[in-house]
Amino acid sequence: MSGNYEGFYSLRILLTIIFAVFLFMTGGFCISAMAGESASLTSSDSQIPVRMQYLPGEIPVLYKNAEMTANASLNAITAIPPGERTFENTVLAFDRAMSDYNDYVNPLTLMGDLSPDPEVLDEGLCAADSYSAFCNHVLTRSDLYNAMSGQIPDTPVKIRLYNKIMDEFERSGLGLSEEKSSHIGELKTELHSLELLYNSNLNSDNSTIEFSEEDLKGLSESDLDSFERTDDESYRIKLNYPNYEAVMTYADSSETRERMYTAYNNVCASENTKLLEGAIELRTKIAQETGYPTWAEYVISDRMAKNASSALLFLNALKEPLSVKKDSDYKALLAVKKSIDPDSEEVFRWDIMYLKNILLIEDYNFDEEELKEYFPLDNVLNGIFNTTGKLFGIKFVEIYNTSVWSPEVRLFEVSNSSDGKVLGYLYIDAYTRDGKYTGTAAAEVIAGREINGTYNTPVAVIIANLAPPREDKPSLLTLTDIWRLFHETGHSLHVILSESPYGTLSSFKVDFDFVEMPSQTLEEWAYDEDILKSMSGRYDNSSEKIPDSLLKSAIASKDVNKGFDYSSQLADSLIDLYYHNSKTPVNTTEVWYDTFEDVFEADYPDNIRPQASFGHLMGGYDAGYYSYLWSKVYALDIDEKFWEYGMTNETLGLKLRYDIYSKGNTEDNMAILENFLGEKPGVDSLYEFMGIEV
């Protein structure tokens, strides 16, 4: 993202595995989170919940086997004589077949984003491409559609399952001519290939930028030591987010920050801009083939917003009140800049992070570098797991001696704290490395669902790109890093706590503008004084807690620059809808510039192509980026309950678990929310949170 939100919402859908709206359509140290316990449980269990390590050459063979098995199961459904077809042997059999296929293939396609072996990485990407082609083909099979049509479900959950499945077939052209349906499938396969290539370009990009030591004045020795030295004693810096954040926050030289800003926002500029514009054209064709005027109308029609107009109305209503907040932020930053250079007349986009940091230090007495000393990764994970463990009545135990795709990946078993029942497993891949997906995300690997009378144990993964440990220091986290991990834990628990009987309705396969609600709900726990205090511990003396003055300053800092931050998010959301609500080809650069200049009422740098690295738009959030703001309304309404009754209120936490996290998509999403709240949600909480008046 651009401006002060670059990397802030790095969450994207890893296609075929993450946050799928529909099952197959589009997505040592030991920790215990038992209430009142310290992290003392250990395990040397060699248990492997799912195979997550592959040798070169294995994935193509395993994928082919998965597809053959799925085809056999699907063909068995269509072979049933019409008079013998039932809901159980058609619709439920279809859900089982595709859920089995999904569970088998997800780990394979995940390797296309995470494997450190380049050959396995490529094979994972190829598996993801084949996955898309297969799923698109399935949804054009009129024999499957006809076999399930007219079957009568006998419970509300089965009715919902039937409607979701049949709707996806119809949105893929079933009910249209066979020729048109087939063409839609071909367009979707072509589209997915562009999306995969776009993200592969980002994951494999090794672009660097060089600076002299003088250029980097203001950065800490720790940051400088993490950069590569060149023969002439300059620094060669990879264009990943941790490096970008360090330079943009601490480099005193405006020229250095401008160079870094320009380089970072031009990653894959040429090739990925073309891929994005090609994808937008394909999406428009698919929408129009299925009877919708635009892609935005096509994808939003089955979401809570219902149509593009509602989403745009919601976003545009934020524009004016946010503008007032943004202008106030701008004046504060400009005052800081004038204190450094009295001749300054303008705050440039490459100034924002730097000036904000100075503002935090001078006006709030908050130094992020000082705060990091108290939050090594192990402490943070321990704190998050203890907090969510108390809320949801669960505990986390680390599993050792298990096969993982990279040595630093960790595995945790999640179980009920009351009876020890295993609920699921959570992998954490925390550190940045070459070839890895570059953002922060959560993925469903195995879906929770009923299989032959037992519940299939769900598996999730959290992906982050934190700076790895060094010889003298562990990985140290900023407040934003902690916030992100709470967010992704929310997504992961939506997977692990699911009790849906059907894979199609499991975990976060909910309405897309509801997906971010469980994760955004947990974000506010990152700013609770008691929780932060409890998880703190200086990296070289774990008994030394964060000083109260620093803690209070850190929490106060969350409101600094909110006008800029949310204006950037608003601009990104509008850009996404403008791209995808057009009936004609889009010049993505022009739309980007025009929208940012409209929202910020200022010129935008004209030599960058940030859309080329806006992975959300090629990872499942196309015409859906508004969902972050839309879902934030719901999340804040839930948070208000905890602010009233206590952030670790176990009764309210269990209600949240069973009313929302466990439900998946088994009930109408608004009904699920209103059942928890006891009332209808309202937008007032969002305005209050942003500090704006209407």
Side-chain angles (χ1 to χ4, degrees), residues 1-8 205-270 326 329-362 367-369 438 467 478 560-561 564-565 567-568 571 589 592-593 596-597 600 602-613:
M1 298 180 63
S2 45
N4 216 29
Y5 255 62
E6 276 147 331
F8 217 56
D205 182 79
N206 287 313
S207 299
T208 61
I209 186 171
E210 291 190 18
F211 293 109
S212 68
E213 188 165 347
E214 180 65 22
D215 292 333
L216 297 175
K217 184 179 179 181
L219 273 76
S220 67
E221 287 297 322
S222 175
D223 285 325
L224 294 175
D225 288 345
S226 69
F227 302 148
E228 179 187 351
R229 297 302 295 263
T230 66
D231 293 339
D232 63 357
E233 294 304 300
S234 293
Y235 293 91
R236 182 178 293 116
I237 304 176
K238 290 184 179 178
L239 294 176
N240 59 38
Y241 187 75
N243 293 343
Y244 173 82
E245 186 175 37
V247 172
M248 298 302 290
T249 303
Y250 301 112
D252 292 329
S253 167
S254 177
E255 182 181 351
T256 295
R257 297 195 305 273
E258 182 180 2
R259 284 183 58 208
M260 180 57 120
Y261 180 87
T262 301
Y264 184 81
N265 282 285
N266 274 319
V267 168
C268 301
S270 177
K326 177 258 302 173
D329 289 347
Y330 183 88
K331 290 176 183 177
L333 294 179
L334 183 58
V336 174
K337 190 171 182 180
K338 281 183 174 292
S339 72
I340 301 169
D341 177 7
D343 294 330
S344 298
E345 296 181 353
E346 183 178 357
V347 173
F348 300 110
R349 297 201 68 80
W350 50 86
D351 293 330
I352 295 173
M353 296 173 74
Y354 177 73
L355 297 175
K356 177 183 176 181
N357 184 58
I358 295 175
L359 181 66
L360 290 172
I361 294 171
E362 293 183 350
D367 185 347
E368 189 93 80
E369 287 298 305
T438 57
T478 66
V560 176
N561 236 39
F564 257 108
D565 292 344
S567 291
S568 291
T589 304
W592 189 286
Y593 289 9
F596 260 88
E597 289 173 2
F600 282 91
D603 291 339
Y604 195 75
D606 62 1
N607 57 344
I608 60 172
R609 301 292 181 271
Q611 72 270 33
S613 55

Which pair of non-hydrogen atoms, one from [X] and one from [Y], has the smallest distance, and what is that distance?
| X | Y | result |
| --- | --- | --- |
| Ala251 | Arg257 | O-NH1, 2.8 Å |
| Lys326 | Phe564 | O-CE1, 4.1 Å |
| Lys337 | Val347 | NZ-CA, 4.3 Å |
| Ser253 | Asp215 | CB-O, 3.9 Å |
| Ala612 | Ala269 | CB-CA, 3.6 Å |
| Leu239 | Ile209 | CD2-CG2, 3.8 Å |

Does any non-hydrogen side-chain atom of [Y] lie less than 4.5 Å from one of [X]?
| X | Y | value |
| --- | --- | --- |
| Phe600 | Ser567 | yes |
| Leu216 | Ile237 | yes |
| Ile340 | Leu355 | yes |
| Thr256 | Tyr354 | no |
| Pro610 | Phe596 | no |
| Tyr264 | Val247 | no |
| Glu233 | Glu213 | no |
| Met353 | Asn357 | no |

Practice problem: Could you walk me through whether Leu360 and Glu368 pass the side chain to side chain contact (heavy atoms under 4.5 Å, CB included) test, one step at a time? | Solution: CA-CA 9 Å; Leu360 290 172; Glu368 189 93 80; 5.8 Å; no
Using only atom types and a distance under 3.5 Å, with no angle test, would you say the side chain of [X] pairs donor to acceptor with the backbone of [Y]?
| X | Y | value |
| --- | --- | --- |
| Asn266 | Asn607 | yes |
| Asp223 | Ala246 | no |
| Asn240 | Asn243 | yes |

Quiz item: Between Ser568 and Asp565, does any side-chain donor sit less than 3.5 Å from a side-chain acceptor?
Solution: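 Absent: no donor and acceptor within the cut-off.
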Exercise. Would you tell me whether Asp603 and Tyr593 have side-chain atoms, one donor and one acceptor, within less than 3.5 Å of each other?
Key: no
Quiz item: Above 12 or not: heavy atoms from other molecules or residues under 6.0 Å from NZ of Lys217?
Solution: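 Open.
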Quiz item: More than 12 heavy atoms of other residues, nucleotides or ligands under 6.0 Å from CD of Glu346: is that the case?
Solution: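 Counting neighbours around CD of Glu346, more than 12 heavy atoms of other residues, nucleotides or ligands fall under 6.0 Å, so yes.
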Just how far is it from atom [atom1] of [X] to atom [atom2] of [Y], taken to the nearest 0.5 Å?
| X | Y | atom1 | atom2 | result |
| --- | --- | --- | --- | --- |
| Thr478 | Glu369 | OG1 | CD | 9.5 Å |
| Ile361 | Asp367 | CD1 | CG | 4.5 Å |
| Arg609 | Ser270 | CZ | OG | 9.5 Å |
| Leu333 | Lys338 | CG | NZ | 13.5 Å |
| Asp351 | Ser344 | CG | OG | 8.0 Å |
| Tyr604 | Thr589 | OH | OG1 | 10.5 Å |

Self-check item: Aromatic plane relationship, Tyr241 with Tyr244 - under 30° parallel, 30 to 60° tilted, over 60° perpendicular
Solution: tilted
Quiz item: Just checking, Arg349 and Tyr261: is the charged tip under 6.0 Å from the six-membered ring centre and within 45° of the axis?
Solution: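 Judged by the rule (NZ or CZ under 6.0 Å from the ring centre, within 45° of its axis), Arg349 is not positioned above Tyr261.
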Exercise. Applying salt bridge (charged side-chain N to carboxylate O under 4.0 Å, His left out) between Glu210 and each of Lys238, Arg236, Arg229, report the one that passes.
Key: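 Among Lys238, Arg236, Arg229, the one that satisfies the salt bridge (charged side-chain N to carboxylate O under 4.0 Å, His left out) with Glu210 is Arg236.
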Quiz item: Who passes ring-ring contact (aromatic ring centres under 6.0 Å, His included) against Tyr235, sequence neighbours left out?
Solution: none
Quiz prompt | By side-chain hydrogen bond (donor to acceptor under 3.5 Å, both in side chains) - contacts of Thr249 (at least two apart) | solution = none
